[in-house]
Amino acid sequence: MASIPAPLDLSPLSVRFRPHARFPQLIGGLLLYGASLALMVRGDLGLSPWSVLDQGISERLGVSMGMASAVVGVAVLLSWLPLRQRPGVGTVANVLLIAFAVDATLALLPPVEALGIRVPLLIAGVVLNALATATYVGARLGPGPRDGLMTGLHARTGWSVRLVRTSIEVCVLAAGWLLGGTAGLGTVLYAVAIGPLTQTCLRFTAVRVKKDLCP
């Protein structure tokens, strides 16, 4: 019978451990993540729950989607205070670089009308999002604001990670939809595919130390 692979250790590592490799991995992953969100926006068939909220806030406040993402990221970071979560280098970079990459990609990629182009944009966005998530999370330089909210609530409430994540994303999706964000087929595809795709990518992107490599 095939053995079950050991779970990956994704806990933060010291910034002094292989910074020449991990910092470029973090930056590249975050930039790709922002680009993947923009691809889904241009697909216009539904966004991830947090992007639905970002888009809704963007439309209500008349700001760019990247700016809305940064505002939400800072607000979520403030919610860490009662949860006693500690931000890392990756946490701050998450807020800034994703916001920049979303707006830069949207500026370069004009809206499209043809469904034959929008569907591939959606699929490419979901796949790239999984790879980007695995890349920046795998650098192990600190969780993003939204990831930290999930793990903080898990630690404080004792609820399962699955329940906490589902509860957060349902609330975020509902709020974003009420604000005018786009939910649809892409939202469902994202919910179904992002977990397995990210898990697969993490096997190749997660930074390991010697103890992680032991059988």
Side-chain angles (χ1 to χ4, degrees), residues 29-80 94-107 109-113 115 117-134 136-137 143-151 153 161-198:
L30 292 173
L31 292 175
L32 287 177
Y33 189 94
S36 74
L37 298 181
L39 291 178
M40 293 181 68
V41 170
R42 290 301 186 231
D44 197 25
L45 291 167
L47 306 173
S48 69
W50 283 102
S51 290
V52 173
L53 178 60
D54 293 341
Q55 189 181 56
I57 291 174
S58 169
E59 293 183 0
R60 292 285 181 171
L61 298 182
V63 298
S64 71
M65 190 163 172
M67 178 62 72
S69 172
V71 169
V72 171
V74 171
V76 173
L77 268 179
L78 292 176
S79 73
W80 282 26
N94 185 290
V95 174
L96 300 176
L97 292 181
I98 289 177
F100 166 78
V102 170
D103 283 348
T105 306
L106 288 175
L109 188 64
V112 294
E113 296 290 337
L115 187 62
I117 299 177
R118 289 162 55 205
V119 171
L121 283 175
L122 167 64
I123 295 173
V126 173
V127 173
L128 183 60
N129 188 273
L131 174 61
T133 300
Y136 84 75
V137 169
R146 298 155 184 82
D147 301 320
L149 175 63
M150 177 188 68
T151 56
L153 285 172
V161 170
R162 178 180 298 179
L163 176 59
V164 171
R165 176 167 182 168
T166 300
S167 300
I168 291 173
E169 295 201 350
V170 167
C171 292
V172 166
L173 176 60
W177 181 75
L178 289 172
L179 289 171
T182 304
L185 175 63
T187 310
V188 177
L189 176 63
Y190 185 91
V192 171
I194 195 64
L197 286 174
T198 302

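Numbers for residues simply follow the sequence, beginning at 1.
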So how far is it from [X] [atom1] to [Y] [atom2], rounded to the nearest 0.5 Å?
X      : Y      : atom1 : atom2 : answer
Met65  : Glu59  : CE    : CD    : 9.0 Å
Asp44  : Ile117 : CG    : CD1   : 13.0 Å
Leu128 : Leu197 : CG    : CG    : 11.5 Å
Leu121 : Leu109 : CG    : CG    : 6.0 Å
Met150 : Leu163 : CE    : CG    : 12.0 Å
Arg42  : Leu122 : CZ    : CG    : 14.5 Å

(message) Under the criterion side-chain contact (heavy atoms from CB on, under 4.5 Å), I'd like the reasoning laid out for Tyr136 against Asp147: C-alpha separation, chi angles, the key distance, then a yes or no.
(response) CA-CA 12 Å; Tyr136 84 75; Asp147 301 320; 3.3 Å; yes
(request) Look at the side chain of Gln55 and the backbone N and O of Thr182, then say whether any donor-acceptor pair between them is shorter than 3.5 Å. (result)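 Flag set: sc Gln55 to bb Thr182 pair under 3.5 Å.
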Side-chain heavy-atom pair [X], [Y] within 4.5 angstrom cut-off:
X      : Y      : answer
Leu31  : Phe100 : yes
Ser69  : Trp50  : no
Pro145 : Asn94  : yes
Leu173 : Leu53  : no
Leu115 : Arg118 : yes
Asn129 : Leu37  : yes

Which atom names give the shortest non-hydrogen contact between [X] and [Y], and what distance separates them?
X      : Y      : result
Ile57  : Ala68  : CG2-CB, 4.0 Å
Arg60  : Leu178 : NH2-O, 3.5 Å
Gly125 : Leu39  : CA-CB, 3.9 Å
Asp103 : Gly66  : OD1-N, 2.8 Å
Ser64  : Ser58  : C-OG, 3.6 Å
Gly34  : Ala101 : CA-CB, 3.8 Å

(message) Out of the candidates Val102, Val72, Leu47, Leu179, only one should pair with Asp54 under the side chain to side chain contact (heavy atoms under 4.5 Å, CB included) rule; please name it.
(response) Val72
(request) Taking atom CH2 of Trp80 as the centre, report whether more than 12 heavy atoms of other residues, nucleotides or ligands fall under 6.0 Å from it. (result) yes
(request) Any chance you could lay out the side-chain contact (heavy atoms from CB on, under 4.5 Å) test for Leu45 and Val119, step after step, and finish with the verdict? (result) CA-CA 8 Å; Leu45 291 167; Val119 171; 3.9 Å; yes
